[in-house]
Amino acid sequence: QLACPLDLGCHSVRATIHRVSMAEIISNLVKNASKEASKRGKNFFDVATNFDSFGVKEGLKLTRTNWNIPECYWTVTRVVPTPDGKHGKVWGTLTFGGKSDGQVHPIRGVLKKQWELYGKSSQ
């Protein structure tokens, strides 16, 4: 036990210094970092990795959290991921305001932390 360095003229306050292992410190840092990352949102690959073939077979529909227009989403048609599955190129058809031209376009901004499943909170 060490004496408290703040001597306010009262009685001596004693503080117990707990020994914390480096593993516990790192574990807490990782937990806090992952909590902060989840608050920021998910990128396309964070959402799509939960589906077979990144959702291509299911016709996965994703939208951006900052799109406030009803019935706006991408239907995924092709994904070419990097070997780690965290990056890559994505193509799909855009439905904007309920209308789609049916053409396949590259999807931009797939690494932005603004992606979610269509219908989760946007309908």
Interatomic distance, CH2@Trp67 vs CH2@Trp74, rounded to 0.5 Å, equals 6.5 Å
Between the CD1 atom in Ile107 and the OG1 atom in Thr77, the distance rounded to the nearest 0.5 Å is 7.0 Å
For Thr49, the side chain to side chain contact (heavy atoms under 4.5 Å, CB included) test, sequence neighbours excluded, returns Phe54
Sorted by chain and residue number, the side chain to side chain contact (heavy atoms under 4.5 Å, CB included) partners of Asn66 (sequence neighbours excluded) come out as Arg64, Gln114
Sorted by chain and number, sequence neighbours left out, ring-ring contact (aromatic ring centres under 6.0 Å, His included) with Phe44 holds for none
OH (Tyr118) and OG1 (Thr75) are apart, to the nearest 0.5 Å, by 9.5 Å
Exercise for the section: Let me see the working for Leu117 and Phe51 under side chain to side chain contact (heavy atoms under 4.5 Å, CB included), right down to the final yes or no. Expected result: CA-CA 11 Å; Leu117 292 174; Phe51 297 88; 3.9 Å; yes
Taken to the nearest 0.5 Å, the spacing of Thr93 OG1 from Gln103 CD works out to 10.5 Å
Closest heavy-atom pair, Pro81 versus Gly85, reported as atoms and distance to 0.1 Å, is CB-CA, 4.3 Å
- For the hydrophobic clusters of this structure (ILVMFWY residues joined by side-chain heavy atoms under 4.5 Å, transitively), does one cluster hold both Trp91 and Trp115? no
Q | Main-chain N/O of Gly55 paired to Ser53 side chain as donor or acceptor, under 3.5 Å | A | no
For Gly97 and Cys72 the tightest heavy-atom approach is N-SG, 3.3 Å
For residues 43-61, the salt bridge (charged side-chain N to carboxylate O under 4.0 Å, His left out) pairs (sequence neighbours left out) are Asp46-Lys113
So salt bridge (charged side-chain N to carboxylate O under 4.0 Å, His left out) across residues 72-101, not counting sequence neighbours, yields none
Leu111 and Phe45: CA distance, side-chain angles, deciding distance, side chain to side chain contact (heavy atoms under 4.5 Å, CB included) verdict | CA-CA 7 Å; Leu111 295 180; Phe45 293 96; 4.0 Å; yes
The side chain to side chain contact (heavy atoms under 4.5 Å, CB included) partner of Val90 among Val56, Val80, Leu62, Val110 is Val110
To the nearest 0.5 Å, atom OG1 of Thr95 lies from atom OH of Tyr73 at 3.5 Å
